[in-house]
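A short worksheet on the structure shown next.
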There are 2 protein chains.
Amino acid sequence: MAKKQSSEVTRDLLRAHDLRPTRQRMALAKLLFPKPGHKQHVTADALFAQATKAKTGVSLATVYNTLHQFTEAGLLREVSVSSATYFDTNTSPHHHVLDEDTGMLTDLKPGRLALTGIPRPPRGSQVTSVDVIVRMRKKA
Amino acid sequence: MAKKQSSEVTRDLLRAHDLRPTRQRMALAKLLFPKPGHKQHVTADALFAQATKAKTGVSLATVYNTLHQFTEAGLLREVSVSSATYFDTNTSPHHHVLDEDTGMLTDLKPGRLALTGIPRPPRGSQVTSVDVIVRMRKKA
DNA sequence: CAACAGTTTAGAGTTATTCTAATCTACATT
DNA sequence: AATGTAGATTAGAATAACTCTAAACTGTTG
Ligand SMILES: [Mn+2]
Ligand SMILES: [Mn+2]
Ligand SMILES: [Zn+2]
Ligand SMILES: [Zn+2]
């Protein structure tokens with residue numbers, strides 16, 4: 001568990017994204033962004049558990065609301081993997097490897113995997129994201 | 001709605017995959033594989049609705065059971081897209097475009113999109129699948 | 001036509017997530 | 001600093017997509 005970022009830094013982060021620095025958002029932001037380079041993949045449930053353990057008074061609904069607001073603000077990226085959604089603090093373009101045995105999601109080193117031939121969207125539409133998930137499992 | 005494949009062909013298809021040709025499986029197979037080249041993406045719910053409309057007596061549990069059995073048999077391929085799973089009658093390797101406005105899933109012409117640099121799995125593990133989903137949406 | 005493994009089913013249970021509508025709070029304004 | 005209000009939080013109900021259970025049914029084999 002990394003040391004939490006200072007309140008001032010966190011407050012500025014929220015303000016910079018037009019998010020009111022409420023007690024709940026401050027607490028969740030500190031958990032999500034403990035220090036500049038620290039990237040992680042977190043589910044709503046896991047974050048709620050962390051917040052609860054840290055005695056932060058935050059409801060599950062607020063965790064969901066906040067994750068989505070942070071995502072809209074560009075602070076997070078949503079990655080859907082079958083029946084679980086991960087919120088990724090690494091918002092730069094990259095792809096994922098999913099360990100199907102453990103459910104663990106790992107970043108693929110950027111630049112390693114390359115995609116060519118992504119179709120151009122019809123006019124009026126745009127490509128929202130290109131998600132590549134490499135699924136791995138232990139051999140039978 | 002394409003004409004259904006004959007019962008004999010459907011029966012043989014099931015037998016060839018060690019699946020007893022029950023009334024329910026016959027009905028669902030005819031809906032899924034109406035004729036040789038006809039590919040589609042179907043959700044459990046949509047298939048259940050089709051079967052119900054066709055006055056086939058099939059329960060939702062059986063639809064799920066059957067879709068998974070067909071998938072295990074290699075007749076279908078499961079494609080997960082956020083909170084919805086599509087079963088694809090096209091089991092050959094290919095990727096998808098998701099229209100986020102309508103939820104419609106479309107095949108990407110194979111050969112068009114290319115991937116390089118897929119990581120080699122650690123010894124003892126294997127790559128189960130590499131899923132690429134290009135998400136598109138109407139411009140704001 | 002047994003006999004039994006395999007199959008189906010209604011309905012309850014689960015899990016992840018969203019919704020509602022009442023309550024609260026950050027902060028701009030006075 | 002007190003006030004007004006848009007924005008935020010919350011408990012709990014609701015929804016959606018499955019999965020499970022255990023009892024009833026059926027395709028196949030002998
Ligand atoms: Mn979401
Ligand atoms: Mn499945
Ligand atoms: Zn990531
Ligand atoms: Zn497809």
Side-chain angles (χ1 to χ4, degrees), chain A residues 7-8 10-29 31 41-52 54-73 75-76 78-87 103 105, chain B residues 7-8 10-29 31 41-52 54-73 75-76 78-87 98 100 103 105:
Chain A
S7 291
E8 308 89 88
T10 303
R11 188 178 308 273
D12 290 349
L13 179 74
L14 294 178
R15 286 241 173 79
H17 289 273
D18 283 305
L19 295 164
R20 286 191 188 176
T22 63
R23 176 176 57 75
Q24 293 86 339
R25 295 212 271 231
M26 288 289 287
L28 295 176
L31 289 170
H41 298 112
V42 77
T43 61
D45 220 53
L47 182 60
F48 179 60
Q50 273 185 74
T52 299
K55 298 280 198 305
T56 312
V58 183
S59 72
L60 181 57
T62 293
V63 170
Y64 275 104
N65 290 340
T66 302
L67 286 171
H68 285 141
Q69 290 153 357
F70 284 11
T71 300
E72 271 177 64
L75 291 169
L76 295 174
E78 223 175 318
V79 182
S80 285
V81 170
S82 309
S83 58
T85 297
Y86 291 79
F87 290 86
L105 194 67
Chain B
S7 292
E8 308 88 88
T10 304
R11 188 177 309 274
D12 289 350
L13 179 74
L14 295 178
R15 285 241 173 79
H17 291 273
D18 284 306
L19 295 164
R20 287 191 188 176
T22 63
R23 177 177 58 74
Q24 292 88 338
R25 293 212 272 231
M26 289 288 287
L28 295 176
L31 289 170
H41 298 112
V42 78
T43 61
D45 220 52
L47 183 59
F48 179 58
Q50 273 184 74
T52 300
K55 297 280 199 303
T56 312
V58 182
S59 70
L60 182 58
T62 294
V63 170
Y64 275 106
N65 290 340
T66 302
L67 286 171
H68 285 141
Q69 290 153 359
F70 284 10
T71 300
E72 272 177 61
L75 291 169
L76 295 173
E78 224 174 317
V79 183
S80 285
V81 170
S82 309
S83 59
T85 297
Y86 291 79
F87 289 86
L98 175 68
E100 294 190 305
L105 194 68

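Rounded to whole Å, the distance from CD on B:Q24 to P on C:dT8 is 5 Å. Here the P atom of nucleotide C:dG6 and the CG atom of B:L14 are 17 Å apart, to the nearest Å. At whole-Å resolution of the value, CZ in B:R25 and P in C:dT7 are 4 Å apart. The separation between B:Y64 atom OH and C:dA10 atom P is 15 Å, rounded to whole Å. We find that CG of B:D18 is positioned 14 Å from C1' of C:dA5, with the value rounded to whole Å. Taking atom NE2 of residue B:H17 and atom C1' of nucleotide C:dG6, one finds them 19 Å apart after rounding to whole Å. To the nearest angstrom, P of C:dG6 lies 16 Å from CZ of B:R15. What separates NE2 of A:H68 from C1' of C:dA16 is a distance of 11 Å, to the nearest Å.
Here B:D45 lies out of heavy-atom contact (under 4.0 Å) with every strand. A:T22 comes within 4.0 angstrom of sugar-phosphate atoms only, judged by non-hydrogen atoms across all strands, and of no base. No engagement by B:R11 is indicated, since no non-hydrogen atom pair under 4.0 Å with the nucleic acid exists.
When distances are taken from the side chain of B:A61 to each of C:dT8, C:dA5, C:dA10, the shortest belongs to C:dA10. Minimum atom distance to the side chain of B:R20 is reached by C:dT7, of the listed D:dG7, C:dT7, D:dT9. Set against C:dC27, C:dT9, C:dT7, the side chain of B:V58 has C:dT9 as its closest nucleotide.
Both B:R23 and B:L60 sit near DNA chain D, but only B:L60 has its closest nucleotide nearer the 5' end.
B:R25 places a side-chain N or O within 3.5 Å of a backbone atom of B:R20 that can act as its donor or acceptor partner. Between the side chain of B:H41 and the backbone N or O of B:L105, at least one donor-acceptor pair lies under 3.5 Å.
Between A:T62 and D:dT9 there is no side-chain polar atom (N or O) within less than 4.0 angstrom of OP1 or OP2.
Between B:T66 and B:L47, every side-chain heavy-atom pair lies at or beyond the 4.5 Å cut-off. The side-chain heavy atoms of A:E72 and A:H17, taken from C-beta on, include no pair separated by under 4.5 Å.
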_Run the side-chain contact (heavy atoms from CB on, under 4.5 Å) test on B:Q50 and B:V42 for me, step by step, so that the C-alpha distance in whole Å, both residues' side-chain angles and the decisive distance to 0.1 Å come before the verdict._
CA-CA 10 Å; B:Q50 273 184 74; B:V42 78; 3.9 Å; yes
